[in-house]
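Okay, so here's the structure we're looking at.
One is the number of the first residue; the rest follow in order along the sequence. Below, each value reflects all heavy atoms present in this structure, side chains not excepted, and no hydrogens, waters or symmetry copies.
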Amino acid sequence: QVQVVESGGGLVQAGGSLNLSCVASGSIFRINSMNWYRQGPGKQRELVAGSTSAGRTNYAGSVKSRFTISRDNAKNTVYLRMNSLKPEDTAVYYCNIITNWGSSWGQGTQVTVSS
């Protein structure tokens with residue numbers, strides 16, 4: 001079983017920055033991809049950024065050039081650096097880890113951007 005824990009959310013003013021972290025632990029043989037999703041008020045959960053084991057990254061169009069995903073494979077950790085935050089970035093951010101066991105989710109961390 002894989003445990004996933006996010007941290008780093010909080011309240012920030014528009015234009016500010018936040019760093020999110022996510023650590024995976026447990027019986028992990030192989031991590032395939034590490035992803036960040038978010039779900040805003042009244043919205044569906046959406047993919048924000050993803051990182052594959054081959055080093056490829058992808059971003060939602062709304063965050064491209066503002067957010068950066070990175071990972072430390074030795075620590076089973078993925079990060080999300082969020083710059084130039086906007087009120088519409090307000091959401092619960094979830095970490096999703098795809099391993100040899102399948103897909104695992106964290107409980108989410110709240111990000112609130114005030115105008």
Side chains of residues 44-52: which donor-acceptor pairs under 3.5 Å do they make with residues two or more places apart or in other chains?
{"from": "Glu46", "atom 1": "OE2", "to": "Arg38", "atom 2": "NE", "distance (Å)": "2.7"}
{"from": "Glu46", "atom 1": "OE2", "to": "Arg38", "atom 2": "NH2", "distance (Å)": "3.3"}
{"from": "Ser51", "atom 1": "OG", "to": "Arg71", "atom 2": "NH1", "distance (Å)": "3.4"}
{"from": "Thr52", "atom 1": "OG1", "to": "Ala54", "atom 2": "N", "distance (Å)": "3.3"}
{"from": "Thr52", "atom 1": "OG1", "to": "Gly55", "atom 2": "N", "distance (Å)": "3.4"}
{"from": "Thr52", "atom 1": "OG1", "to": "Arg56", "atom 2": "N", "distance (Å)": "3.1"}

> Side chains of Val111 and Met82: does their closest heavy-atom pair fall under 4.5 Å?
Replying inline: yes
> Does some side-chain heavy atom of Asn76 sit less than 4.5 Å from a side-chain heavy atom of Ile28?
Replying inline: yes
> How would you list all residue pairs meeting ring pair (Phe, Tyr, Trp, His ring centres under 6.0 Å) that involve residues 55-95, not counting sequence neighbours?
Replying inline: none
>> Can a side-chain donor-acceptor contact be found between Thr90 and Glu88 if the only test is distance below 3.5 angstrom?
In response: no
Below 3.5 Å, can you tabulate the donor-acceptor pairs from side chains in residues 11-25 to any protein atom, sequence neighbours excluded?
{"from": "Ser17", "atom 1": "OG", "to": "Asn83", "atom 2": "OD1", "distance (Å)": "2.9"}
{"from": "Asn19", "atom 1": "OD1", "to": "Arg81", "atom 2": "NH1", "distance (Å)": "3.1"}

>> Considering only residues two or more places apart or on different chains, which pairs with a residue in residues 102-115 satisfy salt bridge (Lys or Arg N to Asp or Glu O under 4.0 Å)?
In response: none
> How about Val78 and Leu80: do any of their side-chain heavy atoms sit closer than 4.5 Å?
Replying inline: no
> So Ser103 and Asn96, side chain to side chain donor-acceptor pair (under 3.5 Å) or not? Walk me through it.
Replying inline: CA-CA 7 Å; Ser103 179; Asn96 170 247; 2.7 Å; yes
> Quick one: side-chain hydrogen bond (donor to acceptor under 3.5 Å, both in side chains) partners of Gln39, sequence neighbours excluded?
Replying inline: none
>> Going by the rule side-chain hydrogen bond (donor to acceptor under 3.5 Å, both in side chains), which residues pair with Ser33 if we only count those two or more places apart in sequence or in a different chain?
In response: Asn35
>> Restricting to non-hydrogen atoms, name the atom on Met34 and the atom on Ile97 that form the minimum distance, rounded to 0.1 Å.
In response: CE-CD1, 3.6 Å
> Can any side-chain N or O of Thr77 pair as donor or acceptor with the backbone N or O of Lys75 at less than 3.5 Å?
Replying inline: yes
> Any salt bridge (Lys or Arg N to Asp or Glu O under 4.0 Å) pairs touching residues 104-115, not counting sequence neighbours?
Replying inline: none
> Quick one: OG1 on Thr99 to CD on Gln1, what's the gap to the nearest 0.5 Å?
Replying inline: 10.5 Å
> What residues form a side-chain hydrogen bond (donor to acceptor under 3.5 Å, both in side chains) with Ser114, not counting sequence neighbours?
Replying inline: none
>> I need the full list of disulfide (SG to SG under 2.5 Å) pairs touching residues 43-72, with sequence neighbours left out, sorted by first then second residue.
In response: none
> Do any pairs count as a salt bridge (Lys or Arg N to Asp or Glu O under 4.0 Å) and have a residue in residues 11-22, sequence neighbours left out, and if so which ones?
Replying inline: none
> Would a 4.5 Å heavy-atom cut-off, applied to side chains only, mark Arg66 and Asp89 as touching?
Replying inline: yes
> Of all residues at least two apart in sequence or in a different chain, which pass the ring-ring contact (aromatic ring centres under 6.0 Å, His included) check with Tyr37?
Replying inline: Trp105
